[in-house]
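Proteins get letters first, then strands, A, B, ... in listed order; numbering begins at 1 in each.
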There are 2 protein chains.
Amino acid sequence: MSMDRQLLLLGLLRAQEMHGYQLNEFIDQQMNFCVDLKRSTAYYLLDKLCRDGYVEEEVEREGNRPERKVYHITPTGETLFQDLLRQNLSVYAPPFYPEDIGIIFEHQLPPAESLALLHTRREAILRHRERVSVLYQHLPPSHTAVIDHHILHLEAELTWVDRLIADRSARLPTADGASAAPAIPCVADSE
Amino acid sequence: MSMDRQLLLLGLLRAQEMHGYQLNEFIDQQMNFCVDLKRSTAYYLLDKLCRDGYVEEEVEREGNRPERKVYHITPTGETLFQDLLRQNLSVYAPPFYPEDIGIIFEHQLPPAESLALLHTRREAILRHRERVSVLYQHLPPSHTAVIDHHILHLEAELTWVDRLIADRSARLPTADGASAAPAIPCVADSE
DNA sequence: GGCGATATACTCAAAACTGAGTATTCAAAC
DNA sequence: GTTTGAATACTCAGTTTTGAGTATATCGCC
């Protein structure tokens, strides 16, 4: 299922009927900065959208090319698109942040090593921001909102890493030997 | 696989050996604000971690309780935990933002409706921030970094929605009839 | 005219994930 | 004493997702 991927495919097919390969090329080349959709998954979803009646496929035989299927949206699909779009725009679902898992256990590493790792991450974030910023320059206005969104989140991420780095630096054992005691987080045991 | 979930389970089992139910209770109750891990997925992952030798299970038979399996981490698991933690901390992988999909097609809705939807979303974000802020008050210091992280991203999200709302408001057709023409995004056709 | 590289267009088996269901114990209400 | 509801502890069939593989056509170059 996955609402968002369905929305994406329906939205693209709505703008223009396509065959699977063309759809995949478009996503991979134009949308790779915000969407990660494997080709095999796209084919699977197209098939499912067909089975569910939201798109239809037509086998196309042109000259001696290998035959291919052209997908186009159906009226039911158009309705679903509108519904999904409305839902997507009005709902807020906080994404799952993998970095949250790491940060829960971060204090179990020696502070010096943790700091080194966080600096590496900081560099990675900066590199990523550079890459996204470049995109911003030459994209149609319809895409700038998406980039904008990414950049804001990247800034948030950066602020956060910087805070953490500052905090962990302050806790580094100094020459006078004062340091915070690391504690293993306790799991509530109800027995 | 999913690095992050493995890291989570290993990290929790490392702090304390547990049986599946206890692990699930802990995740659902203490970590629901940042982790969404279905119970069935947890059992699946525990089983896989066993098969791969990172944890071991021991069947426990206590009185006339239904029997249950206690999982504890192995030395290989400990190594994996350390590796995954280092990786998680040093790498930056931009998460997939479902809202990006909606925003690509947003301009295909009538501006007035779009604005209404965005306002609904704005409310949802505010509610969520309220909920997370409350958590901040009574949590151990080991968790505040995670909450901090969430709040920063929520602020980013809020800034973004506000920008979009402002922009779309400006484009609303006014009494004098001036309005921007909506364009369906073009798909590059290489044929 | 043949050879490798690239583009086209998927297929499939295996892995990962989920929702719904199963089964037992215990405590409290009726 | 028995029904009801919550807590304990998973299982499993089905769905979704993926990486690796398959197969043909076309293009340029030697």
Side-chain angles (χ1 to χ4, degrees), chain A residues 1-9 12-13 17-29 32 35-52 54-55 57-72 93 96 98 187-191, chain B residues 1-10 12-13 17-29 32 35-52 54-55 57-72 84 93 96 98 187-191:
Chain A
M1 221 172 284
S2 175
M3 313 260 86
D4 312 299
R5 290 165 168 200
Q6 273 192 331
L7 175 60
L8 175 65
L9 294 191
L12 292 177
L13 289 179
E17 68 172 29
M18 284 188 266
H19 40 272
Y21 187 80
Q22 196 181 349
L23 188 81
N24 273 309
E25 282 290 291
F26 182 73
I27 293 173
D28 278 7
Q29 281 163 25
N32 63 65
V35 177
D36 174 33
L37 184 66
K38 303 285 184 284
R39 290 187 175 220
S40 39
T41 311
Y43 284 116
Y44 167 75
L45 289 175
L46 283 172
D47 193 54
K48 183 166 199 317
L49 286 171
C50 270
R51 290 197 316 267
D52 295 349
Y54 300 122
V55 312
E57 64 181 30
E58 247 175 293
V59 173
E60 182 192 81
R61 194 176 287 278
E62 224 184 279
N64 52 357
R65 283 166 150 263
E67 75 179 29
R68 56 190 184 175
K69 296 168 198 153
V70 178
Y71 298 92
H72 57 91
F96 171 71
V187 170
D189 190 342
S190 51
E191 292 192 305
Chain B
M1 221 173 282
S2 175
M3 313 261 86
D4 312 298
R5 288 165 170 198
Q6 272 191 331
L7 176 59
L8 175 66
L9 294 192
L10 288 176
L12 292 177
L13 289 180
E17 68 171 30
M18 285 188 264
H19 41 272
Y21 187 80
Q22 197 181 347
L23 187 82
N24 273 310
E25 283 290 292
F26 183 72
I27 293 172
D28 277 7
Q29 280 163 25
N32 63 65
V35 177
D36 173 34
L37 183 66
K38 302 288 183 290
R39 291 187 172 219
S40 40
T41 311
Y43 285 115
Y44 167 74
L45 289 175
L46 283 172
D47 192 54
K48 181 162 200 317
L49 286 170
C50 270
R51 290 195 320 266
D52 294 348
Y54 300 121
V55 312
E57 63 180 33
E58 248 176 294
V59 174
E60 185 191 82
R61 194 176 289 278
E62 225 185 279
N64 53 356
R65 282 165 152 263
E67 76 178 29
R68 55 190 184 174
K69 295 169 198 155
V70 179
Y71 298 92
H72 58 89
L84 290 178
F96 172 72
V187 171
D189 190 340
S190 50
E191 294 195 301

task: Go through the structure and list residues passing side-chain contact (heavy atoms from CB on, under 4.5 Å) with B/Asp47, not counting sequence neighbours.
output: B/Arg51

message: In this structure, how many angstroms lie between the C1' atom of D/dA9 and the CD1 atom of B/Ile27, rounded?
response: 15 Å

field: Rounded interatomic separation in angstrom, taking CG from A/Leu23 and P from C/dC10
entry: 11 Å

statement: By side-chain hydrogen bond (donor to acceptor under 3.5 Å, both in side chains), B/Arg39 pairs with (sequence neighbours left out) B/Glu25, B/Asp28

- request: Write down the distance between CD (B/Gln6) and P (C/dA15), rounded to a whole number of angstrom.
  value: 15 Å

task: To the nearest Å, give me how far apart CG (B/Asn24) and P (D/dA7) are.
output: 15 Å

task: Grab the CE-P distance between B/Met18 and D/dT8 for me, whole Å please.
output: 14 Å

- request: Return the set of residues passing side-chain contact (heavy atoms from CB on, under 4.5 Å) with A/Thr41 (not counting sequence neighbours), or none when no residue passes.
  value: A/Arg5, A/Leu37, A/Lys38, A/Leu45

- request: Supply the atom-to-atom distance A/Leu46 CG to A/Gln6 CD, rounded to the nearest 0.5 angstrom.
  value: 11.0 Å

- line: Whole-Å distance, B/Tyr71 OH to D/dT8 C1', equals 14 Å

message: Is the phosphate of C/dT8 approached by A/Tyr21 (side-chain N or O, under 4.0 Å from OP1 or OP2)?
response: yes

- prompt: Does OP1 or OP2 of D/dT8 have a side-chain N or O of B/His19 closer than 4.0 Å?
  reply: no

- prompt: Residues from residues 35-47 of chain B sitting under 4.0 Å of DNA chain C, heavy atoms only?
  reply: B/Lys38, B/Ser40, B/Thr41, B/Tyr44, B/Leu45

message: Using a 4.0 Å heavy-atom cut-off, does B/Arg51 contact any base of the nucleic acid, only the sugar-phosphate backbone, or nothing at all?
response: nothing

message: Of the listed nucleotides (C/dT8, D/dA9, C/dC17), which one gets closest to any side-chain atom of A/Arg68?
response: C/dT8

query: What residues, two or more places apart in sequence or in another chain, satisfy side-chain hydrogen bond (donor to acceptor under 3.5 Å, both in side chains) together with A/Asn24?
result: none

- prompt: Just how far, in rounded Å, is P of D/dC10 from CD of B/Glu58?
  reply: 13 Å

query: Starting at the 5' end of DNA chain C, which residue's closest nucleotide do you reach first, A/Glu25 or B/Ser2?
result: A/Glu25

message: Whole angstroms only, please: what is the CZ-C1' distance between A/Phe96 and C/dC17?
response: 14 Å

Approximate separation, where rounding is to 0.5 Å, of B/Leu49 CG and B/Leu13 CG: 8.0 Å

- prompt: Rounded to the nearest 0.5 Å, what separation is found between the CG atom of B/Leu23 and the OH atom of B/Tyr71?
  reply: 9.5 Å

